[in-house]
Amino acid sequence: MLQAAGMPPGTRPDVFGLEHPELLEEIHRQYIEAGSRVIYTNTFGSNARKLHGSGHTTQEVVSAAVATAQRAAKEWSTAHEGDCVRVALDVGPTGEMMEPIGVFSFEDAYETYKEMAVAGADAGADLIVFETMTDLYEVKAAVLAAKENTDLPIWVTMSFEENGYTFMGTYVAAMAVTLDGLGVDAMGINCSLGPEAIFPLIKEIKQWTNKPIIVKPNAGLPDAKTGTYDLDAAKFARQMEPFFELGISMAGGCCGTTPEFISALKDRAAAAPDHGDGAAEENRPLRRGVCSAREVVAFDGRVHVIGERINPTGKEDLAEALREGDMDEVTDLALDQADADAEILDINVGLPDIDEPAIMTEAVRAVEGIVTLPIAVDSADPAALEAGLRACNGRAILNSVNAEEDRLNEILPIAKKYGAAVVGLTMDENGIPETAEQRFALAEKIVTAAEAAGIPREDILIDCLTLTAFAQPEQADETLRAVRMVHEQLGLHCVLGVSNISFGLPKRGQVTAEFLAQALACGLDLPILNPEQEEVMEAVEAFRAHSGGDEK
């Protein structure tokens with residue numbers, strides 16, 4: 001549209017709009033008249049890095065672009081009382097490669113997006129849209145920058161290939177899981193593909209979130225010679241009809257979609273039955289889980305193994321490596337556990353003589369650079385927990401919080417901020433209770449506090465704690481009873497570090513495997529164990545086969 005209005009080839013669109021506000025305002029006006037009720041500002045690439053050398057600042061470009069869009073929106077709203085047009089600050093990717101692939105750090109991205117978000121809020125934008133994103137870690141930095149520095153609603157759309165992955169390797173379900181946890185106001189897909197190719201990806205997203213979903217396809221595929229797209233407005237609108245049947249209420253167009261496309265889309269939407277994203281959608285059962293950028297592990301009742309070995313307790317080689325900041329031992333343990341069929345990796349770097357938050361950050365990045373499994377960040381130090389969650393590319397588990405009042409108040413807000421699932425330990429300032437009933441009461445206390453902090457019940461995992469049978473053999477039965485009570489009466493997923501049961505005993509693998517089998521029968525579905533112990537993994541596989549949870 002800018003090119004049709006006279007923008008020369010090679011010109012920066014945002015700078016051209018700044019210099020020709022009357023042309024930009026007219027384009028906004030055409031889309032509004034066609035039916036758009038949210039218009040995006042002409043600021044897709046207006047971050048400080050992309051504007052470098054242009055002679056203009058982010059503040060200057062964003063302020064002018066918001067003002068131009070507002071004039072068009074206000075003109076329409078004034079002339080059509082009650083028909084409000086909203087102005088969205090449009091923010092695209094920085095164009096930099098994020099660590100560990102590139103050198104652009106999370107904090108660099110955060111500050112870049114913070115500048116744009118604050119400029120948009122100060123200029124009076126109604127909401128912020130991060131669009132055409134391909135790196136989930138960059139999206140996370142963008143969302144946190146907007147949430148922590150503005151009060152504006154946040155929408156995110158990423159761009160996927162037909163295989164369900166972005167160019168940078170983010171899986172579509174991982175996007176949904178992560179953004180739902182981070183608490184964005186709407187999410188979806190824009191660019192890359194036409195409506196038909198995007199449709200199955202939107203169906204996948206709807207399994208993982210009840211947030212409003214945005215669909216902004218291209219006008220089909222471009223012709224390499226002419227640059228034109230292969231769908232006209234009428235065909236584009238017809239191909240969008242299935243989305244309305246899914247209950248999608250936020251639709252638009254990306255590359256190649258002129259006001260004519262929006263007009264045709266509006267007419268099709270008006271004729272479609274009203275399925276809506278209302279109260280029924282909010283109560284729709286969803287799949288829950290955790291993820292890396294590439295893989296999702298669902299909390300579905302099936303057994304999923306959490307690898308325990310990245311923990312310096314009793315591992316002097318690992319402890320020394322962590323003191324020296326050497327991550328080779330960490331990555332070796334991660335690879336070994338992934339090869340042994342662990343599905344989530346617990347990372348604990350707790351040592352008294354290190355900078356634990358800094359080492360946790362390095363360990364998480366090192367592990368994510370070598371395997372594609374989701375992560376559980378494990379520490380007694382709140383700062384280390386936050387550092388680990390901030391470093392995770394995806395949605396992690398925060399392990400752990402207990403029932404101490406101070407611990408609940410300190411840790412749960414961190415979990416909420418980063419959208420993490422939470423492992424609650426059934427212990428308090430008095431230690432681990434002796435009876436299953438006492439542990440169950442602490443589990444209830446944790447659930448109440450977590451829900452009050454805004455953490456969904458489905459994301460609360462309870463660890464009823466295993467003591468060594470060598471010292472307290474009677475406690476094994478209490479742990480098993482507590483697991484069954486939490487599973488059956490609270491309906492929660494259960495975590496358990498089962499290896500503790502055999503500490504100090506001979507034939508540890510055999511003892512652990514026997515206890516694990518009993519715990520699985522009581523409702524344990526997220527055991528923390530050493531996946532390289534053959535007897536233990538055989539117990540897992542046997543239970544999966546007997547319970548119908550074996551997909552192989």
Side-chain angles (χ1 to χ4, degrees), residues 1 3-4 27 30-40 44 88 90 92 129-134 155-167 170-173 175-176 179 186-278 281 284:
M1 292 292 287
Q3 288 171 341
I27 291 171
Q30 289 181 47
Y31 278 103
I32 293 170
E33 290 173 352
S36 293
R37 291 300 171 265
V38 176
I39 56 172
Y40 288 18
F44 179 80
D90 185 35
V129 177
F130 299 105
E131 69 165 340
T132 325
M133 308 295 285
T134 60
W155 297 0
V156 178
T157 56
M158 297 186 73
S159 298
F160 294 88
E161 306 299 326
E162 287 191 66
N163 63 5
Y165 289 85
T166 70
F167 174 73
T170 297
Y171 180 46
V172 64
M175 177 201 77
L179 294 183
M187 69 179 80
I189 297 175
N190 80 292
C191 207
S192 292
L193 304 168
E196 290 183 337
I198 286 179
F199 185 73
L201 306 183
I202 293 294
K203 289 182 70 176
E204 177 72 15
I205 292 173
K206 279 187 68 72
Q207 295 185 46
W208 298 96
T209 184
N210 54 22
K211 301 285 187 182
I213 294 176
I214 307 163
V215 184
K216 282 186 58 184
N218 289 345
L221 298 174
D223 184 291
K225 294 181 180 179
T226 66
T228 59
Y229 288 78
D230 63 1
L231 295 181
D232 61 23
K235 191 171 183 180
F236 175 85
R238 283 198 303 273
Q239 290 189 6
M240 291 293 287
E241 282 187 347
F243 293 105
F244 303 132
E245 295 171 7
L246 275 183
I248 303 303
S249 60
M250 302 168 73
C254 202
C255 301
T257 57
T258 63
E260 182 184 3
F261 283 71
I262 301 304
S263 180
L265 179 61
K266 177 190 175 184
D267 291 343
R268 286 279 177 174
D274 183 13
H275 295 276
D277 281 342
E281 278 290 291
R284 174 170 50 87

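Quick note: numbers below take in every heavy atom, side chains included, and nothing from hydrogens, waters or symmetry partners.
The shortest side-chain heavy-atom distance between L231 and P195 falls under the 4.5 Å cut-off. Looking at T209 and L179, their side chains never come closer than 4.5 Å, going by heavy atoms from C-beta outward. M175 has its side chain out of reach of M133: every pair of non-hydrogen atoms, C-beta onward, lies at least 4.5 Å apart. Inter-residue side-chain proximity for C191 and N218 is flagged as met; some heavy-atom pair is nearer than 4.5 Å. Side-chain contact between E131 and W155 is absent, with no heavy-atom pair separated by less than 4.5 Å. Contact check for I32 versus R37: side-chain heavy atoms found under the 4.5 Å cut-off. Looking only at side-chain heavy atoms (C-beta outward), E204 and F160 stay at 4.5 Å or farther from each other.
Checked by atom type and distance alone, the side chain of S159 pairs as donor or acceptor with a backbone atom of N190 at under 3.5 Å. Within the 3.5 Å criterion, the main-chain N or O of L221 finds a donor-acceptor partner in the side chain of D230.
In this structure, K203 and L246 approach most closely via the heavy-atom pair CG-CD1, 3.7 Å. In terms of heavy atoms, A219 sits closest to Y229 at O-CB, 2.9 Å. Across all their heavy atoms, T257 and Y31 have their closest contact at O-OH, 2.9 Å. Taking each heavy atom of E162 and L193 in turn, the nearest pair found is CG-CD2, 3.7 Å. Contact record, A176 with W208: CB-CB, 3.8 Å, taken as the closest heavy-atom pair. Between M240 and A251, the shortest heavy-atom contact is CE-CB, 3.8 Å.
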(message) Assess the residue pair M158 and T170 against the criterion (side-chain contact (heavy atoms from CB on, under 4.5 Å)); give the C-alpha distance rounded to whole Å, side-chain angles, the decisive distance to 0.1 Å, and a yes or no.
(response) CA-CA 9 Å; M158 297 186 73; T170 297; 4.1 Å; yes
Side-chain donor-acceptor pairs under 3.5 Å in residues 258-269, sequence neighbours left out?
residue: T258; atom: OG1; partner: E260; partner atom: N; Å: 3.4
residue: R268; atom: NH1; partner: E241; partner atom: OE2; Å: 2.3

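When each of I198, I214, V215 is paired with I189, the side chain to side chain contact (heavy atoms under 4.5 Å, CB included) condition holds for I198 and for no other.
Enclosure of atom CD in E33 by more than 12 non-hydrogen atoms of other residues, nucleotides or ligands within 6.0 angstrom is indicated.
Distance check, rounded to the nearest 0.5 Å: CD of Q30 to CD1 of I39 gives 12.0 Å.
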